Amino acid sequence: MLKQTFPINVDDTINSGQVFLWEKHDKTWYGINGNNVLAVPSNAEIFSYSKTAYNFFRNDDDFERILCDISRDHIVRSAVKRFPGLRLLRQDPFQCYISFVVSANSSIQNIKNTLHKICKKFGPKIRFNKNYFYLFPDPKKIAVAEKHELLSCGLGYRTKAVKNAAEAVVSGEIDFDFLQKSNYHVAKESLLNVFGIGNKVADCILLFSLEKLDSFPLDRWMLRVLQKYYSDKFELNMKTLTEKRYENLHKEIVKYFGPYAGYSQQFLFKMERELNQKKWL
DNA sequence: TACTAACCTGTACG
DNA sequence: ACGTACAGGTTAG
C-alpha cells in the first residue's frame with residue numbers, strides 16, 4: 001500500500017552522496033556494504049551475498065508520516081515532490097565511518113577511487129552473481145596496515161586519520177552498538193574525539209549509519225542552500241563554521257525542520273546538486 | 001574566541 | 001603539453 005504510493009527511486013537514492021562503492025550493471029545496482037554485497041534492481045528488492053535480512057532502505061520508517069512532517073515550507077515540499085523516491089540509507093557503520101573520514105576535503109570521484117583501492121588491497125575477494133567483489137575490510141585490517149600501504153590508496157594526508165579511526169574501533173573506544181543506542185549528542189561527542197572527525201563527518205556517520213535522524217550534516221552545499229532559501233530563518237555569516245557556530249546552527253535547524261531534519265537535509269541536498277548538474281555516475 | 005594556513009589528489013579549463 | 005583554478009573538511013597555530 002505504502003510502497004505503491006511511495007516507491008523507492010534506486011537511482012536517485014544511490015546517487016545522492018550517501019554511498020560510494022556502487023556500480024550499475026544491467027539495470028541492477030551492486031554495492032559493498034560492510035562484509036556484504038547488495039544487488040538492487042530498480043524495484044528495490046534487495047538480494048544479497050550473505051543472505052541476512054537487512055533494511056538498507058529503511059522501509060521500517062513511516063515515509064508517509066516523515067515526508068509529511070518535513071514538508072514545512074515550499075522549498076522542502078518541492079524537493080520532496082521532485083524526488084519522492086529518495087531515501088536515507090542504513091549503512092554498515094564501520095564502512096560509513098571510514099568512508100566519511102576519507103571524504104573530508106575530497107571530491108566524490110576521489111573518494112570513490114580511494115575506497116575502492118582500500119577494498120581491493122585489504123578486503124576479502126568474493127564471488128557473487130558471476131562477478132567478483134572486494135568487501136570492505138575489518139577494522140583490524142586497516143588498524144594494522146602499514147602507512148605506505150594506505151598511502152598507496154590515494155589517502156594522502158588522511159592516512160593518519162583513517163588508521164587512527166580504525167584503531168579507535170579496535171580498541172573499543174568507538175563502539176557502534178553503543179552509539180546506536182545513544183542519543184544524538186552523546187554519540188556525536190564520542191565521534192568528535194576521533195582524530196579526523198569534525199562536525200560534518202560526524203553528522204554524516206550519525207545520519208547514515210547510526211539512526212540519528214535529527215542529524216543534519218552541514219557541508220558547503222547545505223550552507224549554500226541555507227543561504228539561498230533560508231537566509232531569513234537562520235543567521236549565518238558565511239565564514240568558516242566554528243565548533244560553536246555549527247552547534248548553534250544545528251540547534252536552530254532541528255527546531256525548524258523537526259526530529260526528521262536529516263531527511264530534509266537529504267532532499268534539499270539532492271535538489272541543489274541537481275540544480276547544479278552534479279552527477280555521481 | 002576567531003580567523004587562517006596547510007594538508008593531498010584529481011579533474012577542468014585556458 | 002603546461003600551468004592554474006578549483007573541489008572538498010579538519011587541525012594546528
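As the structure is a computational prediction, the values presented were derived from the model and not from experiment. Every chain is numbered from 1, with letters handed out A, B, ... down the list of sequences.
- With ring centers used as reference points, A/Phe20 lies under 6.0 Å from A/Phe100.
- Relative orientation of the A/Phe176 and A/Tyr97 rings is perpendicular, given thresholds of 30° and 60° on the angle between their planes.
- Rounded to a whole Å, the CD1 atom of A/Ile118 is 13 Å from the P atom of B/dT9.
- Among C/dG8, C/dG9, B/dT9, the nucleotide with an atom closest to any side-chain atom of A/Trp221 is C/dG8.
- Under the 4.0 Å criterion applied to side-chain N and carboxylate O atoms, A/Lys255 and A/Glu252 are assigned as salt-bridge partners.
- With rounding to whole Å, A/His116 atom NE2 is found 17 Å from B/dG10 atom C1'.
- Considering only the side chain of A/Thr242, B/dA2 comes nearest among B/dG10, B/dT9, B/dA2.
- No contact: A/Val102 has no heavy atom under 4.0 Å from any strand.
- The side chain of A/Lys200 approaches C/dT10 more closely than any other nucleotide in the set C/dG8, C/dA12, C/dT10.
- Between the C1' atom of C/dG9 and the CZ atom of A/Phe100 lies a distance of 12 Å, rounded to the nearest Å.
- Per the stacking criterion (ring centres < 5.5 Å, plane angle < 30°), A/Tyr157 does not stack onto the base of B/dC8.
- Distance, A/Asn105 CG to C/dG8 P: 10 Å, rounded to whole Å.
- Side-chain atoms of A/Arg158 lie closest to C/dG8 of the nucleotides B/dT9, C/dG8, C/dG9.
- If you take CG of A/Asn199 and C1' of C/dG9, they are 10 Å apart, rounded to a whole angstrom.
- A/Ile197 comes within 4.0 angstrom of the backbone, heavy atoms only, and of no base.
- Residue whose closest nucleotide on DNA chain B sits further toward the 5' end, between A/Lys244 and A/Ser107: A/Lys244.
- A close approach under 4.0 Å does occur between a side-chain nitrogen or oxygen of A/Arg245 and OP1 or OP2 of B/dC3.
- Here the nucleotide nearest the side chain of A/Val201, chosen from C/dT10, C/dA12, B/dG10, is C/dT10.
- When the side-chain nitrogen and oxygen atoms of A/Arg220 are compared with OP1 and OP2 of C/dA7, none of them lie within a distance under 4.0 Å.
- Counting any heavy atom pair closer than 4.0 Å across all strands shown, A/Asp219 reaches sugar-phosphate atoms only and no base atom.
- C/dA12 atom P lies 13 Å from atom CD of A/Glu243, rounded to whole Å.
- Side-chain heavy atoms closer than 4.5 Å link hydrophobic residues (I, L, V, M, F, W, Y) into clusters, and following such links, possibly through other members, connects A/Ile98 to A/Ile108.
- What separates CG of A/Leu155 from P of B/dC7 is a distance of 17 Å, to the nearest Å.
- Protein atom CD1 of A/Ile108 is 19 Å distant from nucleotide atom P of B/dT9, rounded to whole Å.
- Both tests do not hold together for A/Arg90 against A/Phe56: distance to the six-membered ring centre under 6.0 Å, angle to the ring axis within 45°.
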